[in-house]
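Numbering of residues begins at 1 and proceeds along the displayed sequence.
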Amino acid sequence: MTRDDFLKHAMALYDFCEYPAVRYKILFSLLDIPYEDERLTELRKEFLKSDIVEEMYQLQDDNGGWGRLRSKDYSVKAKIPTSHVGIERCLYIGLTIEDRDILFMANEYLLSLLDGTGSEKLFEKNERALPWQKAEICSLIESIKPDSRECDQTFHQWNYIAGRAYETGEYSYEADRAAQHEVFLTREDRLVPMQSELLLKRRNKLQPGVENAMLRHLGGHASLHGHFWDKTPYDLPGDFKNNKMRRWFHTFNYINQFRGSELYLKDAVAWLQEKAGQDGLWEDGLWDWGPQVKDPWGYFGYFSCNRNYKHNRVVDCTMEILSFLKQYIDNNGTEVIKEERSR
């Protein structure tokens with residue numbers, strides 16, 4: 001997968017769908033057009049008026065969230081079930097903290113959780129709960145506003161733990177446990193899972209070799225055993241349209257957060273390229289989940305375009321695959337390899 005190959009797929013979707021939010025995401029998030037670029041500035045007016053942005057604005061509560069952070073309130077039939085889903089969705093469609101005040105308010109909500117001043121409090125059902133929640137909150141804050149000073153302490157704690165756990169180049173449970181007990185004053189043998197998402201938000205501050213060690217340990221486990229289910233990147237089906245395909249991308253994206261993810265995802269990427277434009281799609285270079293696929297992860301990766309369900313499905317599917325491929329190319333390019341060697 002080269003950048004030229006990727007550009008052809010991205011422009012195929014751009015030509016296929018004229019919806020402003022889709023075109024804005026392609027230019028801004030996938031093709032890295034600068035925020036101040038005249039093309040984006042003009043298109044942003046329509047994007048910020050689009051139904052998917054207006055929906056997030058209207059559903060956002062006075063606290064800046066969309067309900068509780070993680071715990072869904074089943075007494076309310078909320079379209080956005082939790083604040084975590086709401087924030088991830090805003091980021092996915094291409095909103096930044098500069099656009100309207102949606103992510104600005106969401107950031108204030110997260111900061112109130114972190115410092116305990118908000119109406120919602122963090123739960124403390126066991127000694128691992130607080131460190132886990134704080135890392136998750138800081139990962140969201142760093143996605144909205146990178147290098148936030150409010151997350152410095154949490155990041156430095158996990159950077160220290162990761163450095164101890166992967167000190168030899170391979171993961172050590174005993175070293176991880178000792179570091180967590182030292183930092184969090186915990187006593188249990190059960191550990192908070194390594195907070196790779198937070199650590200990679202500031203990957204330039206990681207100790208040399210830590211990211212590669214995490215890839216081989218965490219990414220390798222996900223590749224061999226799947227991430228929360230049995231299917232793995234080594235067990236690809238013959239056809240793309242598969243009722244589990246939408247779920248597999250959780251595993252793909254988990255591995256793909258690391259530089260060097262090609263180690264486990266090279267065959268999956270080649271398989272995706274092979275399946276583009278198959279099954280009677282209207283345009284070459286696009287993908288379609290198929291009519292049997294539902295969205296198992298809440299209201300995350302969709303772009304409402306028109307009343308044609310198949311059209312929307314093709315747009316949603318292609319956009320998710322392009323987002324995956326964009327990160328794959330960024331994490332496995334020649335410039336990345338040179339940077340890693342220099343470190």
Would you call Lys326 and Asp330 a salt bridge, taking side-chain N to carboxylate O under 4.0 Å as the test? yes
On the 0 to 90° scale, with breaks at 30° and 60°, tag the Phe258-Tyr254 ring pair as parallel, tilted or perpendicular. perpendicular
With Gln153, which residues qualify under side chain to side chain donor-acceptor pair (under 3.5 Å), at least two apart? none
Any side-chain donor-acceptor pair under 3.5 Å between Gln257 and Asn253? no
Applying side chain to side chain donor-acceptor pair (under 3.5 Å), can you list everything that pairs with Ser172, at least two apart in sequence or on another chain? none
Heavy-atom check, side chain of Ile321 versus side chain of Leu286, under 4.5 Å: no
Those residues at least two apart in sequence (or on a different chain) that pass side chain to side chain donor-acceptor pair (under 3.5 Å) with Arg164 are Tyr160, Glu182
Can you list the residues that meet the side chain to side chain donor-acceptor pair (under 3.5 Å) rule with Lys134, with sequence neighbours excluded? none
Kindly indicate whether the side chain of Phe184, heavy atoms from C-beta on, has any atom under 4.5 Å from the side chain of Glu127. no
Using a strict threshold of under 4.0 Å (side-chain N to carboxylate O), is an ion pair present between Arg23 and Glu46? no
Can you find a pair of side-chain heavy atoms, one from Phe6 and one from Tyr328, that are under 4.5 Å apart? no
Do Phe249 and Trp289 have ring centroids that are under 6.0 Å from one another? yes
Answer yes or no: is there a side-chain heavy-atom contact under 4.5 Å between Thr82 and Leu69? no
Is it true that Ser261 and Asn331 share a donor-acceptor pair across their side chains at a distance under 3.5 Å? no
So do Leu31 and Tyr14 actually touch side chain to side chain, heavy atoms under 4.5 Å? no
Please report the shortest heavy-atom distance between Ser29 and Gly94, naming the atom on each side. OG-CA, 4.2 Å
Show, in sequence, the C-alpha distance, side-chain angles and deciding distance for Thr117 and Asp115, and conclude whether the side-chain hydrogen bond (donor to acceptor under 3.5 Å, both in side chains) test is met. CA-CA 6 Å; Thr117 60; Asp115 63 19; 2.6 Å; yes
State, yes or no, whether a side-chain contact exists between Pro233 and Tyr264 at a heavy-atom distance under 4.5 Å. no
For Lys201, what residues pass the salt bridge (charged side-chain N to carboxylate O under 4.0 Å, His left out) criterion, not counting sequence neighbours? none
Is there a side-chain contact between Met1 and Ile329, using heavy atoms and a 4.5 Å cut-off? yes
Do Arg313 and Tyr302 form a cation-pi contact, if we require the NZ or CZ to be under 6.0 Å from the six-membered ring centre and within 45 degrees of the ring's axis? no
Might you confirm whether atom OH of Tyr35 has over 12 heavy atoms from other residues, nucleotides or ligands at distances under 6.0 Å? yes
For a quick check under 3.5 Å, do Glu120 and Tyr109 share a side-chain donor-acceptor pair by atom type? yes
Please identify each residue that fulfils salt bridge (charged side-chain N to carboxylate O under 4.0 Å, His left out) with Asp62, with sequence neighbours left out. none
Side-chain donor-acceptor pair present, Asp235, Thr232, cut-off under 3.5 Å: no
Report the C-alpha separation of Lys45 and Glu42 in whole Å, then their side-chain angles, then the decisive distance to 0.1 Å, and conclude whether the salt bridge (Lys or Arg N to Asp or Glu O under 4.0 Å) test is met. CA-CA 6 Å; Lys45 299 174 184 177; Glu42 188 62 31; 3.6 Å; yes
So do the side chains of Tyr24 and Ser50 get within less than 4.5 Å of each other, counting heavy atoms only? no
Assess the residue pair Trp287 and His9 against the criterion (ring pair (Phe, Tyr, Trp, His ring centres under 6.0 Å)); give the C-alpha distance rounded to whole Å, side-chain angles, the decisive distance to 0.1 Å, and a yes or no. CA-CA 10 Å; Trp287 291 266; His9 289 292; 4.8 Å; yes
Hydrophobic cluster identity match, Leu59 and Phe47, side-chain contacts under 4.5 Å: yes
